[in-house]
S.K.: 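Take a look at the following structure, please.
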Amino acid sequence: MDPVFKRLKGFNDLVGEESAIFSRMEAAARKVFARYDYEEIRTPILEVTELFRRSIGLETDVVGKEMFTFNDKKERSVTLRPEATAGVLRACIESGFLKDGKVNRFYTIGPMFRYERPQKGRLRQFHQINCECLGTDSPYADAELICMAWEFLNILEIDDLKLKINSLGCHECRPNYVNVLKEYLNKSDNDNLCIDCKIRKDKNPLRLLDCKEHGCKEILINAPIIIENLCDVCARHLEQVLSIISTQNIPYTIDNRLVRGLDYYTRTTFEIVSDGIGAQTAVAGGGRYDGLIAQLGGGDISGLGFACGMERLALLMKRNTLTTPDFYIITLTQNERFKAFEIMQFLRKSGFSGEMNYENGSLKSLMRRAAKISAKLILIYGPEEAKKEEIIVKNMESGEQKIAGLKQIGEVTGALLGY
Ligand code: HAM
């Protein structure tokens, strides 16, 4: 039967193993982030549109093309968050967290929305695990963040990840680089630039550096390199970040083309990539954004962060996360169900997982149901067993079977499960 309602394009349901993988990811994130003194923050999914326009930048694809924006009932423009950083900073500024001069570390986990063309690893509603470290411009903070991201991904046992790193300079040295780049582009034959880059060339020339179109890549082969145009302070910052992460055995490559798709970055930018998910290679991305908090009205406070795309991580994780119930209790008539319910609750309270049948069925069909949910044990409590105040306990894998008095049910269940 065709369903009456279907999910929207680019919006996924997370059920079964997919949902279990997400839970495992979240648990790993909470475990690792706690060791780095990160605390959880949850911010609204809907924010005023201007917040994203002002932070992410008007010339970015996210703001220009991809936001789910609409007017509310009072004709105010609001947007489903396309990323978490802007909302987290807005919340910190609004609640005055950032005034006490200490370093604040926050993580948030949840759905983001971008109106992109859906494909493998690219959705319109996707989920991010996002971290922000606020209140320090030390290169140790950049290195610490990268170490934490790396450690998190390692716990998930994802192989073949690569760290790419770059520096975008600061408000002092970047404008000089942009001029040098513009001069280069003005001297190039730009006919083969893609339509987007023809527009970006004047408005946001840095973005040409990471365009994936063949024609654009060719034109930029000999483009000037940003880290060769950094001021002394930014060059020293990058050098220190690299030397600190080297002590932590994190292999990296410098990627001169890594400019990132959001306009707020300064100095360090990084991405962790995998070849395992087709064209959507970045599983995590982030960097430093000194100046952004001031731009949002929060004072001269430095910050940096990163986010992982959970759907992309899920594509790379091993699928061994499904847990199966310990038991399935089979009752054959309504008469045994009352006592069987008590037994089930006793087992659950003793730490075993499982369920029982509430509707009548033949022993054969109920055995099939137990097999379908892969219950490790079947407990049969029929009229005969009820009369004798005992229950049959059978291990489905080994075939081993015991008859337990109702008082020994916990013990026998544990023994047959090998606990
Ligand atoms: P971003 O690079 O735009 O950065 O996104 C981070 C990650 O989210 C990407 O590497 C990717 O794994 C995932 N992602 C992005 N778009 C999609 C999509 N349409 N479908 C599936 N996954 C997607 C940010 O969002 C920054 N706010 C990160 C950050 C935090 N920078 C500083 N603090």
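Indexing begins at 1, ligand by ligand and atom by atom, following the structure's order. Nothing here was measured: the structure is a model prediction, and the numbers come from that model. Because only heavy atoms are used, hydrogens play no part in the values below, and waters and symmetry mates are left out as well, while side chains stay in.
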S.K.: Could you check whether Tyr289 and Arg267, counting side-chain N and O atoms only, form a donor-acceptor pair closer than 3.5 Å?
M.R.: no
S.K.: Within the 3.5 Å criterion, strictly below it, is a donor on Asp290 or His171 matched to an acceptor on the partner's side chain?
M.R.: no
S.K.: Got an N/O contact under 3.5 Å between Val283 and ligand 1?
M.R.: yes
S.K.: Whether the Thr266 and Arg288 side chains hold a donor-acceptor pair (N or O, under 3.5 Å, no angle test) is what I'd like checked.
M.R.: no
S.K.: Have Thr79 and Thr69 got a donor and an acceptor in their side chains that come within less than 3.5 Å?
M.R.: yes
S.K.: Quick one: look at Met112 and ligand 1, take heavy-atom pairs under 4.0 Å, and tell me if it's side chain, backbone, both or neither.
M.R.: neither
S.K.: Can you tell me the protein heavy atom closest to atom 20 (N) of ligand 1 and the distance?
M.R.: Leu123 N, 2.9 Å
S.K.: Assess the side chains of Arg7 and Asn12: does a donor N or O sit below 3.5 Å from an acceptor N or O?
M.R.: yes
S.K.: When you measure from atom 5 (O) of ligand 1 to every protein heavy atom, which one gives the shortest distance, and what is it?
M.R.: Gln128 NE2, 3.2 Å
S.K.: Counting each atom of ligand 1 from 1 as listed, which ones have a heavy atom of Gly305 under 4.0 Å away?
M.R.: 30 (C), 31 (N), 32 (C), 33 (N)
S.K.: With a heavy-atom distance limit of 4.0 Å, tell me whether Phe306 approaches ligand 1 through its side chain, its backbone, both, or neither.
M.R.: backbone
S.K.: Which of the numbered atoms in ligand 1 are below 4.0 angstrom from a heavy atom of Tyr264?
M.R.: 26 (C), 27 (N), 31 (N)
S.K.: Given that the side chain starts at C-beta and the backbone is N, CA, C, O, which of these parts of Asn130 lies under 4.0 Å from ligand 1, counting heavy atoms, or is it both or neither?
M.R.: side chain
S.K.: Which bit of Glu132 is near ligand 1, meaning a heavy atom under 4.0 Å away: side chain, backbone, both or neither?
M.R.: side chain
S.K.: Is a side-chain donor-acceptor pair under 3.5 Å present for Thr331 with Asn357?
M.R.: yes
S.K.: Assess, by modelled atom type and distance only, whether the side chains of Asn130 and Glu132 contain a donor and an acceptor separated by less than 3.5 Å.
M.R.: yes
S.K.: Provide the number and element of each atom of ligand 1 under 4.0 Å from a heavy atom of Gly309.
M.R.: 7 (C), 8 (O), 12 (O), 13 (C)
S.K.: Is the closest heavy-atom distance from Gly121 to ligand 1 below 4.0 Å?
M.R.: yes
S.K.: Closer than 4.0 angstrom, basic N to acidic O: yes or no for Arg24 and Glu26?
M.R.: no
S.K.: Establish, from distance only, whether the side-chain atoms of Ser365 and Ser362 form a donor-acceptor pair under 3.5 Å.
M.R.: yes
S.K.: At a non-hydrogen distance cut-off of under 4.0 Å, which region of Val62 contacts ligand 1 (side chain, backbone, both, or neither)?
M.R.: neither
S.K.: Does a side-chain N-to-carboxylate-O contact under 4.0 Å join Arg348 and Asp326?
M.R.: no
S.K.: Between Lys65 and Glu116, is there a salt bridge with N-O shorter than 4.0 Å?
M.R.: no
S.K.: So is Glu311 touching ligand 1 or not, going by heavy atoms under 4.0 Å?
M.R.: no
S.K.: For atom 27 (N) of ligand 1, what is the closest protein heavy atom, and at what distance to 0.1 Å?
M.R.: Glu83 OE1, 2.6 Å
S.K.: Looking at ligand 1, does any of its N/O atoms fall within less than 3.5 Å of an N/O of Arg260?
M.R.: yes
S.K.: Are any of the side-chain nitrogens in Arg114 or Asp61 under 4.0 Å away from the carboxylate oxygens of its partner?
M.R.: no
S.K.: Using a 3.5 Å cut-off on N or O atoms only, is Arg122 in polar contact with ligand 1?
M.R.: no
S.K.: So which protein heavy atom does atom 30 (C) of ligand 1 come closest to, and at what separation?
M.R.: Thr85 OG1, 3.0 Å
S.K.: Could you label the plane-to-plane angle of the Phe352 and Tyr419 rings as parallel, tilted or perpendicular, counting under 30° as parallel and over 60° as perpendicular?
M.R.: parallel
S.K.: Please work out whether any backbone atom (N, CA, C, O) or any side-chain heavy atom from C-beta onward of Tyr115 is under 4.0 Å from ligand 1, and answer side chain, backbone, both or neither.
M.R.: neither
S.K.: Examine Cys308 against ligand 1 and note whether any of their N/O atoms are separated by less than 3.5 Å.
M.R.: no
S.K.: Give the residue, atom name and distance (to 0.1 Å) of the protein heavy atom nearest atom 10 (O) of ligand 1.
M.R.: Ala282 O, 3.3 Å
S.K.: Do Asn204 and Asp263 pair up side chain to side chain, a donor and an acceptor below 3.5 Å, judged on atom types alone?
M.R.: yes
S.K.: Look only at interatomic distance and state if Tyr265 has a nitrogen or oxygen under 3.5 Å from any nitrogen or oxygen of ligand 1.
M.R.: yes
S.K.: Relative to ligand 1, is Ala284 under 4.0 angstrom through side chain, backbone, both or neither, heavy atoms considered?
M.R.: backbone
S.K.: Report yes if the side chains of Glu218 and Asn192 come closer than 4.5 Å at any heavy-atom pair, otherwise no.
M.R.: no
S.K.: Are any of the N/O atoms on Leu304, whether in the backbone or the side chain, positioned under 3.5 angstrom from an N/O atom of ligand 1?
M.R.: no
S.K.: What protein heavy atom sits nearest atom 24 (C) of ligand 1, and how far away is it?
M.R.: Leu262 CD1, 3.5 Å
S.K.: Can you report which non-hydrogen protein atom sits closest to atom 19 (N) of ligand 1, along with the distance?
M.R.: Glu116 OE2, 2.7 Å
S.K.: Can you see whether Lys164 engages Asn166 through a side-chain donor-acceptor pair at a distance of less than 3.5 angstrom?
M.R.: no
S.K.: Short N/O distance, under 3.5 Å, between Phe126 and ligand 1?
M.R.: no
S.K.: Could you tell me, atom by atom, which parts of ligand 1 come under 4.0 Å of a heavy atom of Gly286?
M.R.: 31 (N)
